[in-house]
Amino acid sequence: MTNHEIARRFARIADVLEIQGENPFKVRAYRRAVDAIDALTEPLADIEARGGLENIEGFGEAIIGKTRDFLRTGTTKLYEQLKDAVPSGVIEMAAIPGVGPKTAKALWEALQVTSPEELEAAAREERVRAVPGFGATKEKNLLAAIERSRRLSERLPIFVVLPYAERLRRELLGRPEVGRIELAGSLRRGRDTVGDIDLVGISSDPDATMEAFTRLPGITETLIQGPADTAVLCDLGLRVDLRLTSPENFGTLLHHFSSGQAHNIKLRDLADEKGLKINEYGVFRKETGEELFRGEDEAQVYEALGLPFIPPELREDRGEIEAARRGKLPRLITEADFRGQLHCHSTYSDGKATIREMAQAAAERGYAYLAITDHSRSLQVANGLSRERLLAQIEEIRALNRELAGRITLLTGQEVDILADGSLDGDEDVLAQLDVVVGSVHIRHREDEAQMTARVLKAVENPHLDILGHPTGRLLGKREPFPIDIEAVIAAAVRTGTVLEVNAAPERMDLSDVYARRAKDAGARLTVNTDAHSAAGLGGLMWGLFMARRAWLEPDDVINTFPIDRLRAALKDAAARA
DNA sequence: GCCGTTTTCGGCCCGACTGTTTTCAGTCG
């Protein structure tokens, strides 16, 4: 069984147990197991084969046993007992925002409704209000919740949501009583997709700010409204939460709503050990209730616990608190660390700027080098370069380098298609001349995992390939990653010295955070590039930086932070070792 | 069900908002 299949079965167990009213901590244990599996890149079968299940956090005796059952037999006793104990439709009912497990169970038992559709019909027929604990208002709200759930979006790519959230932020900042508004939640943590928008702020008149918030352009509905917490629906189909407080309490509020839930839970556990209590209004001594600090600086939360500051991107409970305690937090890469980029396009293929314009833009950004990597000959839709045009481009770049000497160094290169058989779309003698060869899959994504893995592995083994570009081919919101054994690709990259790209194009963000972290842990080197098709495009590193920082990458892990001599050595190294 | 520099048993983050069973349970983040 795949990790995904096992995770879905544990999730099913959690859903059923929750509706049955089981111990909520047991339910949480199964949900934690689901999250832990989702964060893995290695198949559970492989982990089991090397005896590693015990090391997965949240995996205890019972869950390890059930995981082994799933791997060996495809099921386990508890799953067989539970899978039909609660109708799927009742689980769907419970999953509707605002409904929940207790409500779903009560209405299932009282009215025998077993799906959102049946529940909707019962509410329309005013049968819900007769159930003990329910009334006409709840019945009306239930109908609204069901209708709303059909309009709700799934998670959306961050590049869609971030500009929208910034617009809401600016509108709120325009009000006189508002002192500060910041983006929090998964937007601030830089997740590739976002399920809601979290805003936190300071207001001297929260009621007025909240009222105005519910009337902002694009806000379609108010879900809850209070002076500290108001939630609305926006026309992206996402929930937007605004939390307000005073300047004294803003630091802890910002911290709380910028961190993943699991991070907060673990942090509060740690506080408990130290005789402290954390909530979104402060850090307090448990005994005396004394408040340890006030103010707008969220770093004080960590100081109070004797920890170094943990950047938002790391706050996912993926080992950051343990690393902080040991003083082993990474020095996360920043935009200022970059000395150049190794993957961009010019008017030679499908870019909008000439090589000279790209060079000037890169120099203005303070870069020491820029590799021009236009598309290869077979990618005709992108005006891929023939052998002759590529040779001409190399000449042009050499001439430009003489002219630009002292300002910036252009590197010759190409983004070469990885063809269906895994060979590179170029002539060996030309590839050997280039400073940087990026290899990418652009055609035939739909091969099966074995074919795609063999194809990419062959390219990685190719001595001319320096960088594997956008390794999984995903397009956020449009196309899933193609099926590939990423573990095998990473291992081959480590062995051959091939550099793995974190492509920063907003719709790609590829490698993802999880895979990039895995690559780093396995000893691979990485590069972060905008894949710019215009001069302005070179400014779009932030999307890749979100992934890189969430992957714990440090400047030393990313070769385009190196000075040019070290960079050249790293690339030569790749060719020599392969 | 998980977990342990007080513990192998007895805890498990914490608070806002809502509707109603009027003192709190349910839901959410």
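- When the P atom is used for both dC2(B) and dT6(B), the distance is 24 Å, rounded to whole Å.
- For R167(A) and E171(A), the salt-bridge test passes: some basic side-chain N is under 4.0 Å from an acidic carboxylate O.
- Looking at heavy-atom distances under 4.0 Å, L267(A) makes no contact with the nucleic acid at all.
- Between dC13(B) and dT27(B), the two C1' atoms lie 16 Å apart (nearest whole Å).
- Counting heavy atoms from C-beta on, the side chains of L553(A) and M547(A) never come closer than 4.5 Å.
- A gap of 30 Å separates the P atoms of dT20(B) and dC14(B), to the nearest Å.
- For the residue pair Q225(A) and E211(A), a side-chain donor N or O sits within less than 3.5 Å of a side-chain acceptor on the partner.
- Residue contacts for V99(A): at a heavy-atom cut-off of 4.0 Å it reaches the sugar-phosphate backbone alone, with no base atom in range.
- Heavy atoms of K277(A) sit under 4.0 angstrom from primed sugar atoms or phosphate atoms, though from no base atom.
- Residue-level contact check: R239(A) touches the backbone only, with heavy atoms under 4.0 Å from sugar-phosphate atoms and none from bases.
- At least one donor-acceptor pair closer than 3.5 Å links the side chain of R169(A) to the backbone N or O of I181(A).
- Backbone-only contact: P97(A) has heavy atoms under 4.0 Å from sugar-phosphate atoms and none from a base.
- R243(A) comes within contact range of the sugar-phosphate backbone alone, with a heavy-atom separation under 4.0 Å but no base atom that close.
- Toward the 5′ end of DNA chain B lies the nearest nucleotide of T230(A), the other residue of the pair P101(A) and T230(A) mapping further downstream.
- Looking at heavy-atom distances under 4.0 Å, I96(A) makes contact with sugar-phosphate atoms alone, never a base.
- At least one test fails for R180(A) against the ring of F250(A): distance under 6.0 Å to the centre or angle within 45° of the axis.
- Aromatic ring pairs are classed by plane angle as parallel below 30°, tilted from 30° to 60° and perpendicular above 60°; the pair H263(A) and H255(A) is tilted.
- Read 5' to 3', the first and last nucleotides of DNA chain B with an atom closer than 4.0 Å to a heavy atom of chain A are dG1(B) to dG29(B).
- dT5(B) and dG1(B) are spaced 23 Å apart, taking the P atom of each and rounding to whole Å.
- Remark: the separation of the C1' atoms in dG11(B) and dA16(B) is 25 Å, to the nearest Å.
- When heavy atoms are screened at a 4.0 angstrom cut-off, D269(A) is found touching the sugar-phosphate backbone but no base atom.
- With both ends at atom P, the span from dG10(B) to dC17(B) equals 37 Å, rounded to whole Å.
- Residue-level contact check: E280(A) touches the backbone only, with heavy atoms under 4.0 Å from sugar-phosphate atoms and none from bases.
- Both E273(A) and I63(A) sit near DNA chain B, but only I63(A) has its closest nucleotide nearer the 5' end.
- E322(A) and K328(A) are not joined by a salt bridge, as no carboxylate oxygen comes within less than 4.0 angstrom of a charged side-chain nitrogen.
- Between the side chains of T193(A) and R155(A), a donor-acceptor pair is found at a separation under 3.5 Å.
- Nucleic acid contact for D229(A): sugar-phosphate only, since backbone atoms but no base atoms lie under 4.0 Å from a heavy atom of the residue.
- Across all strands shown, the partner of dC3(B) is dG10(B), judged by Watson-Crick or G-U wobble contacts whose two distances both fall under 3.5 Å.
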